[in-house]
Amino acid sequence: MKQGIFTIQSNVALTDSVMKMVMVGDTSAVTAPGQFVNIKLEGLFLRRPISICDYDDTTLTILYKVVGKGTAKMAEMGSGETLDVLSGLGNGYDLTLSGKSPVLLGGGVGVPPLYRLAKDLIAAGKEVSVVLGFNTAAEIFYEEEFRALGATVTVTTVDGSRGIKGFVTDALAEIDYTYFYTCGPEPMLKAIYKTATTSGATQL
Amino acid sequence: MGEINTRVTLCGITLDNPVIPASGTFGYGYEFAELYDINCLGTFSFKGTTRDPRFGNPTPRIAECTAGMINAVGLQNPGVERVIAEELPRLATCFHKPVMANVSGFSVEDYAYTCERLDSEPQVGWLEVNVSCPNVHGGGMSFGTSPEAAAEVTRAVKRVTTKPVIIKLSPNVTDIVAIAGACEEAGADGISLINTMLGMRIDLRTRKPVIANKMGGFSGAAIFPVAVRMVYQVAHAVKIPVVGMGGVSTAEDVIEMMLAGATAVEVGAANLIDPFASKRIVEDLPAVMKKYGITKLEDIIGGVL
């Protein structure tokens, strides 16, 4: 874990409520997909924990949903502004358990940490399936980004406005997988735990 | 002016400085040792330990407040046997000072059992007994809300231990001085205060309490003035040493607590938002002492005019 000052490079909206922020700083403490950062914001007592979507030697990318005071403050920030960030928190996902064809299941704002995971699994020669679950078509983000990595992508929406109508578990039956990785709301994790035919790893 | 001296003596054990990360904000220490050498601290009070392992409360357990936070973690800990078998040996690899063992219980027997087990551990310097837990055999009332119950816990722990026993008091009472006095009379070697203040937040959208447990302990800079007031009241009423805590986040706060009557000072919520907070306070202390003309920190204890 490291405490450092990061400078915002870009901060743009992906949907009505989900933002993508790229920040520049010392990323050396980040070592695995699924880790998170804890961001200090002026005027707020507690830091805000946000999962890491992607990283390289100098930048961190986070995708976050604006839900309260903290994320609203973040959404107002622009390039050149700085943030006090604790980076490299959490253990992250264990890639060694994936088998040859893992499935990655993300629900809403649980999708972001799966991006770097998919990238690393594909780089390791795995056949990666990704299921992205949203409430409605307007909330979908990163579908094309996952596809560009070389993953087989399925989208589900609760209202059926796009892809398979229902939840990520409704897409699972059609996929042949050796292990699952997931991130999303607790009811989704419980449903996956009941439905999945292999073992897997979850993050809240 | 002579050389700056930050040493204080707490119940017969000398600390290099009075700064002590508070229980529940510093784990069992070794996690923080990955960030800095924790031997720079006076000591620290480890995670509240109970007789049996506890999973704690359902989430959410934390709520944001102005200049503070509410928590209802629910004394999640691996239980005293695993603390002795696993946590303390791991701590021994990175911390070479006596540690403060924080103990909670849900009956007088629980407290006595857990304290007796920890008393025989050579790493333990003091036992800090948290009497803010509900008494399951006494209708759920917290031990710390009645002088008689607090004294009963104190007596039971003192009977089975040899090390200094510090009773950690709850501020959620009408007369904290009476409770402190009862603990002193029952044989306590020190008093620490204040534990968190009972608080609550409500989510305007869902109209539900933010915390799953509805209520929780309010801590952080916002409660500092209440803590200073209670430390002042208790320190002037008892003869045993007082450990002050509640919203301490700077070296200036440490000095203010000591002027109010604290022999040593615990740092709580500040560790949760800045993992280097306690280290920073230790490092800032000499310069702040100099600024206020203090050479020997121990001299200012209770020095409020």
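On a predicted model such as this, the values are computed, not experimentally measured, just so you know.
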Q: Count the heavy-atom pairs under 4.5 Å between each of B/A222, B/A221, B/G68 and chain A, then report the option with the highest count.
A: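 Top count of heavy-atom pairs under 4.5 Å with chain A: B/G68.
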
Does [atom1] in [X] sit with more than 12 non-hydrogen atoms of other residues, nucleotides or ligands closer than 6.0 Å?
X	atom1	value
A/F167	CZ	no
A/K65	NZ	no
A/D176	CG	no

**Q.** Inter-chain contacts: residues 267-286 of chain B against chain A, heavy atoms under 4.5 Å
**A.**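 Heavy-atom contacts from residues 267-286 of chain B to chain A are B/A269, B/I273, B/D274, B/P275, B/F276.
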
Q) Hey, what do you get for CD (B/E31) to CE (A/M1), rounding to the nearest 0.5 Å? A) 12.5 Å

Q) Which atoms form the tightest heavy-atom contact between A/V67 and B/R205, and what is the distance? A)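 It is O-NH2, 2.9 Å.
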
Q | Part of B/A63 lying under 4.5 Å from any heavy atom of chain A | A | backbone

Q: Output the option from A/D84, A/N38, A/L46, A/L44 having the highest count of non-hydrogen pairs under 4.5 Å with chain B.
A: A/L46

**Q.** Leading residue by heavy atom contact count with chain B [cutoff under 4.5 Å; candidates A/Q3, A/K2, A/K69]
**A.**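 Winner by heavy-atom pair count: A/Q3.
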
Q: Answer yes or no: is there an ion pair linking B/E64 with A/R48, defined by an N-O contact shorter than 4.0 Å?
A: yes

**Q.** Under 4.5 Å from any heavy atom of chain B - which part of A/L86
**A.** side chain

